[in-house]
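What follows is a set of notes on a single structure, which appears directly below.
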Amino acid sequence: MKLEFFQRSTKVVAEDLLGKFLVRSSGNKKILAEMITEVEIYDGPNDKASHASRGKTKRTAPMFEIGGIFYVYLCYGMYQMLNIVTNEKNYPAAILIRATAETNGPGRLTKKFKINKELNSKSACRDTGLWFEDRGVLLKNNQIKYLPRTGVGYAGSFWANKKWKLLLTEK
DNA sequence: GGAGTGATGACA
DNA sequence: GTCATCACTCCA
């Protein structure tokens with residue numbers, strides 16, 4: 001997958017990302033490849049649920065970079081969260097990878113893929129050891145479900161009610 | 001339903 | 001320097 005794929009509006013990228021494969025390698029060997037089934041959008045400087053809404057800080061700096069790099073951070077002291085940064089430089093946006101066909105939950109997913117902060121700010125390409133592949137899975141129009149995001153009640157009803165969690169349903 | 005967990009950001 | 005908060009998971 002080319003990095004330009006991620007340098008588009010976050011919603012478009014999120015929709016396109018469903019059905020693509022997340023691939024992990026160690027050395028020259030691919031060790032894991034799972035289809036992405038659930039993502040969550042964090043888009044723009046005004047999104048109160050996004051870490052970037054309070055301005056650029058040391059932690060959120062990757063979100064302000066150009067699309068195509070990873071944003072990894074620690075949540076609740078135990079779980080790494082994997083995001084892929086989208087859109088243009090200086091526009092803070094990212095997509096949280098929440099689940100694949102075989103692994104449900106962002107914390108479990110990163111544990112299984114051995115994702116940690118070393119991948120933070122790295123490009124989603126083969127050299128990094130973690131990247132995305134299009135394996136030709138075609139989605140039907142009604143296969144994507146739009147739901148409110150998780151754990152964002154603190155952001156206020158306007159942002160909490162946005163249907164920015166995208167779920168891939170069975171056929 | 002409730003606890004664990006530690007980096008992060010706000011405030012002083 | 002302190003303190004509250006959190007894009008979660010596990011076990012009950």
Side-chain angles (χ1 to χ4, degrees), chain A residues 5-22 24 32 34-88 90-124 128 130-132 144-169:
Chain A
F5 177 89
F6 300 100
Q7 292 153 18
R8 302 179 291 157
S9 91
T10 314
K11 196 181 172 197
V12 174
V13 178
E15 287 169 353
D16 271 3
L17 209 51
L18 291 172
K20 301 293 188 290
F21 281 73
L22 182 66
R24 185 77 164 120
L32 273 175
E34 296 187 358
M35 189 177 78
I36 296 163
T37 56
E38 189 180 341
V39 298
E40 221 164 85
I41 296 172
Y42 290 88
D43 189 39
N46 299 318
D47 181 359
K48 291 287 180 294
S50 167
H51 293 158
S53 67
R54 270 175 255 144
K56 190 172 176 176
T57 65
K58 195 179 175 189
R59 177 172 62 152
T60 62
M63 289 185 81
F64 289 78
E65 290 303 316
I66 193 163
I69 66 170
F70 292 115
Y71 168 44
V72 182
Y73 78 96
L74 190 71
C75 188
Y76 297 103
M78 295 177 239
Y79 302 106
Q80 311 285 340
M81 298 285 130
L82 174 67
N83 299 250
I84 181 71
V85 175
T86 61
N87 222 296
E88 302 300 322
N90 293 324
Y91 182 86
I95 297 171
L96 170 68
I97 313 294
R98 293 187 57 83
T100 64
E102 296 141 285
T103 312
N104 201 272
R108 266 180 258 145
L109 190 132
T110 51
K111 193 178 168 191
K112 184 165 184 183
F113 278 77
K114 296 188 171 44
I115 289 160
N116 55 55
K117 287 198 293 187
E118 284 174 27
L119 291 166
N120 198 28
S121 296
K122 294 278 190 344
S123 295
T128 309
L130 184 68
W131 70 96
F132 300 93
I144 300 179
K145 244 189 186 169
Y146 296 82
L147 301 167
R149 287 179 290 183
T150 308
V152 293
Y154 68 90
S157 57
F158 178 79
W159 293 101
N161 289 334
K162 282 205 172 293
K163 302 243 186 332
W164 278 0
K165 170 149 82 175
L166 275 58
L167 199 62
L168 198 58
T169 59

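Below, all heavy atoms of this structure are taken into account, side chains as well, without hydrogens, waters or symmetry copies. Proteins get letters first, then strands, A, B, ... in listed order; numbering begins at 1 in each.
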For DNA chain C, what residues of residues 113-123 of chain A have any heavy atom nearer than 4.0 Å?
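When residues 113-123 of chain A is checked for heavy atoms under 4.0 Å from DNA chain C, there are no hits whatsoever.
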When all nucleic acid strands are considered with a 4.0 Å heavy-atom cut-off, which category describes A:M81: base, sugar-phosphate, or nothing?
sugar-phosphate
When all nucleic acid strands are considered with a 4.0 Å heavy-atom cut-off, which category describes A:R98: base, sugar-phosphate, or nothing?
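Sugar-phosphate, no base atom in range.
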If a pair means Watson-Crick or G-U wobble with both distances below 3.5 Å, what does DNA chain C look like in dot-bracket form, with | marking bases paired to a different strand?
||||||.||||.
Please tell me if [X] has a side-chain N or O lying less than 4.0 Å from either OP1 or OP2 of [N].
X     : N     : value
A:H51 : C:dA7 : yes
A:R59 : B:dG9 : yes
A:T57 : B:dG9 : yes

Once you round it to whole Å, what is the distance between [atom2] of [N] and [atom1] of [X]?
X      : N      : atom1 : atom2 : answer
A:K48  : C:dA7  : NZ    : P     : 14 Å
A:K58  : B:dA10 : NZ    : P     : 15 Å
A:K111 : B:dT5  : NZ    : C1'   : 14 Å
A:K56  : B:dT8  : NZ    : P     : 17 Å
A:N83  : C:dC8  : CG    : P     : 11 Å
A:Y76  : B:dT5  : OH    : P     : 15 Å
A:Y79  : B:dT5  : OH    : C1'   : 9 Å
A:Q80  : B:dT5  : CD    : P     : 16 Å

Any salt bridge linking A:K112 with A:E34? Criterion: basic side-chain nitrogen under 4.0 Å from a carboxylate oxygen.
yes
Between A:E40 and A:R98, does any NZ, NE, NH1 or NH2 come within less than 4.0 Å of an OD or OE carboxylate oxygen?
yes
Taking A:T100's backbone N and O only, do any of them form a donor-acceptor pair with A:T103's side chain (distance below 3.5 Å, no angle check)?
no
Can you tell me if A:D47 uses its side chain to pair, donor with acceptor, with the backbone of A:Y42 under 3.5 Å?
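Here the side-chain-to-backbone pair does not exist.
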Side chain to side chain contact (heavy atoms under 4.5 Å, CB included) partner of A:Y71, chosen from A:L82, A:N83, A:I95:
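That would be A:N83; it is the only one of A:L82, A:N83, A:I95 passing the side chain to side chain contact (heavy atoms under 4.5 Å, CB included) with A:Y71.
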Hey, do the aromatic rings of A:F6 and A:F132 have their centres closer than 6.0 Å?
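Between A:F132 and A:F6, which both carry aromatic rings, the centre distance is below 6.0 Å.
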Taking atom types as modelled and ignoring hydrogens, do the side chains of A:T110 and A:Q80 form a donor-acceptor contact shorter than 3.5 angstrom?
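Not at all, the side chains of A:T110 and A:Q80 share no donor-acceptor pair under 3.5 Å.
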Looking only at side-chain N and O atoms, does A:S50 offer a donor or acceptor that is under 3.5 Å from a partner on A:S53?
no
Taking the side chain of A:R108 as heavy atoms from C-beta outward, which of C:dC10, C:dC8, B:dA10 is closest to it?
C:dC10
Among the candidates B:dG9, C:dC8, C:dA7, find the nucleotide nearest to the side-chain atoms of A:Y154.
C:dA7
Parallel, tilted or perpendicular: which fits the ring planes of A:Y73 and A:H51, with parallel below 30° and perpendicular above 60°?
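Rings of A:Y73 and A:H51: perpendicular, as their planes differ by over 60°.
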